[in-house]
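A short worksheet on the structure shown next.
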Amino acid sequence: MMAAPDILDAPSGRKAALVEAALIWNALFLNDVRIAFRPEAEPAVSVVMVARGARHLLAWTLTKLAAQQAFAGATFELILVDNASDPETATLFDRIDGARILRNAENAGFGPACNQGAAEARGRHILFLNPDVDLMPGALGALVAPFAEADVGIAGARLVFPGGILQEAGAGFQDDPQLTHPHGRGGLDPFAPEASYARDVGYVSGAVLMIEAGLFRDLGGFDDLFAPAYFEDTDLCLRCQQAGRRVVYQPRALAIHVENATSVRRADVEVLLDRNRARFRERHGAWLFAQGPARTGFAPRDDAPFALRVLYVDDRAPHQDLGAGLPRANTILNAMAELGYAVTLCSVYGEREEPAATYRDLSSRIEVVEPCGREGFRRLVTERAGFYDVLWVSRPPHIRMVCEVLRDLGLSPRDVGRSRVVFDSESLWGLRDFVVDALTGRPAPGPALARATAPEVELVAGADHVVCVSQADARLLRRAGVADPVVLGHVQAVQADPPGFRSRRGFVFIGSLAREGEPNIDSLDWFFEEAWEALRAALPDAHLTVIGTVAPSIAERLARPGVSVLGRVDDVGPALDGARVALAPTRFAAGIPHKVLETVTRGVPGVVTPILAGQMGWPDGTGYRIHDWRDPHGFAQALAGLHADEAAWTRVQRAGLAAVARECDADAYRAVLRGLCEAPMFS
């Protein structure tokens, strides 16, 4: 769980940075240390830095940039343009190795000096970097990443003041005297949700601005109209957009920016700002404001006025390794982002994660609103009234909560999702409870199932679409009165040429083991109590690897000879590629068993219980063998037999891979998703 970050007030943070810079300067000279950059024959990025005085911060920036070259995320060269610095600053240039240094006898101004450095660039991308910036690890690679999309022309970073206060998360325009508005400036949390997702913006700061080198040349570089400084970066961003290219904010590129550390007197700065603001408005005002006041592009997720805006409500930020339906939500959200939707995920429960954990397998284009509960959801829909085209609510308890909150506000789901309201049953809890009752010997007659599912579907009348995860759930929903439920399961890409029988060994179980009472915990408790010894009797050297988020107390309970509990791993591929047989002894569940789909997709045949086979809808021998958990000895024998029989194993593996390719096609999945979210142009 991530606590609120400790920050310093801006003056204290600035003082700390200046003190550190002075210490670095003196250490370089006291210890006779050189600043060395590794030469690159074909750099991906040309870093262009313009310096004029401010020797301490220049040494601070260069030392940190050189120290991080190995983990910048992209190869780079440094081109340093000296704009007639004082002699004391110039002594630093003689201590720099591996950089090209261009020395101007007079101050050419920021824009012209940048153009001078860019003319020497060899990289495909040019990064203009101020001499008072500390790039965080991987920032260069993160800035390069958006250019994989051909229409991206410029990318900028998340800028943070020394001490932790947010300086800028992209920027936009408003038709007011200030004109330019950095997003989030002064925010006390640099990891605020509004600052943590990638998006198109009006402009990005020239302190950390990356542009495709060819585009920079085509645009004629920075315009001398704004020399010596200010608004040349903003002007470049607008000319980029007018040329049909996008300007994007990349939150994964983090940078500490001291800001104005190399400027002249503040009064002189204000004069230049006022002059160039007027020049900028004269050039671009009509283009910017012809359609009325521009949107701010920050908190209300209004950065994409022409994109389909989706508010998605679920338990928490969903990840592939959590189970409980969250892998499916992860797939849906990422598919929405790939379709270009502007998605806000409203996380109802859970804990606030570090951004690195939140976005480990979620698209950086998704805005994740921290766990908010009922009151947080109320604030969200109140503050962002009228912003969303689609309201998608997952799981019956959240559907009820959303409907109750909206009713209290005098609203309906249609007032939030202006175009589409989608209620996703995800997994019918009444079905799972019905199975649990049967397992524990409590009466569970057929009519009880209908009564159990009725409360879960009574609120769906307000939705345009009711979604479920399997044909089995669709049948239950139809019996409960839902006319036309839409099945939206999973999308999986079949692994090409998965390892064969002889290069694998042992058994694997994958699934979340974070909370007592969940189906995965029940299934492993049953397996070790009833079937493990029988399996070890048939295969004395049998070894089981358990993968998934696991509570410490549960890990202790599972520990025994022949069992390795790995917990959550970033990449399950190696473990699955080494295992020969998967096991899924689930006794109660609802929805689609992602663990079965994942192992089959990786080419690991398994043994599953009838309830999982029914949810998958595939016959025996298609990716798995089916055996009833009520026969523990037979379940163990089925595992041992599949592990030993190469011919049978190969047939089951190939049939499973064929089923995944047939039924989990990405294009078909996206077509269903678009049909759910997008209103038809003609009806």
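Computed from a prediction, not measured in an experiment: that's the story for all the values here.
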Can Arg309 and Glu367 be said to form a salt bridge (Lys or Arg N to Asp or Glu O under 4.0 Å), step by step? CA-CA 11 Å; Arg309 300 180 194 167; Glu367 178 192 19; over 6 Å; no

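Stacking of Arg199 on the aromatic ring of Tyr197 is recorded, both the 6.0 Å distance cut-off and the 45° axial limit being met.
Using cut-offs of 30° and 60° on the angle between ring planes, the pair Phe76 and Phe37 is perpendicular. The aromatic rings of Phe280 and Phe173 sit parallel to each other, their planes meeting at less than 30°, with 60° as the upper class boundary.
When the salt bridge (Lys or Arg N to Asp or Glu O under 4.0 Å) test is applied to Arg281, the partners found at least two apart in sequence or on another chain are Asp175. With sequence neighbours excluded, the residues forming a side chain to side chain contact (heavy atoms under 4.5 Å, CB included) with Arg245 are Glu212, Leu215, Cys240, listed by chain and number. Not a single salt bridge (Lys or Arg N to Asp or Glu O under 4.0 Å) links Arg275 to another residue, sequence neighbours left out. Checked against salt bridge (Lys or Arg N to Asp or Glu O under 4.0 Å), Glu149 has the following partners two or more places apart in sequence or in another chain: Arg246, Arg365. Residues forming a salt bridge (Lys or Arg N to Asp or Glu O under 4.0 Å) with Arg122 (at least two apart in sequence, or on another chain): Glu77.
Residue pairs meeting the salt bridge (charged side-chain N to carboxylate O under 4.0 Å, His left out) criterion with at least one member in residues 34-43, sequence neighbours excluded, are Arg34-Asp97, Arg38-Glu40.
A salt bridge does not link Glu282 to Arg279: none of the charged side-chain nitrogens sits closer than 4.0 Å to a carboxylate oxygen. Residues Arg103 and Asp94 are paired through a salt bridge, judged by an N-O separation under 4.0 Å between the basic side chain and the carboxylate. Checked for salt-bridge contact, Asp223 and Arg239 miss the test: no charged N lies under 4.0 Å from a carboxylate O. A salt bridge links Glu88 with Arg55; the closest basic N to acidic carboxylate O contact falls under 4.0 Å.
Taking the six-membered ring where the residue is Trp, the centroids of Tyr230 and Phe110 are separated by 6.0 Å or more. Between Phe216 and Phe128, a ring centre-to-centre spacing shorter than 6.0 Å is recorded.
Scanning both residues, Val133 and Ala207, for their nearest heavy atoms gives CG2-O, 4.0 Å. Residues Ala108 and Asn83 come closest through the heavy atom pair N-OD1, 3.1 Å.
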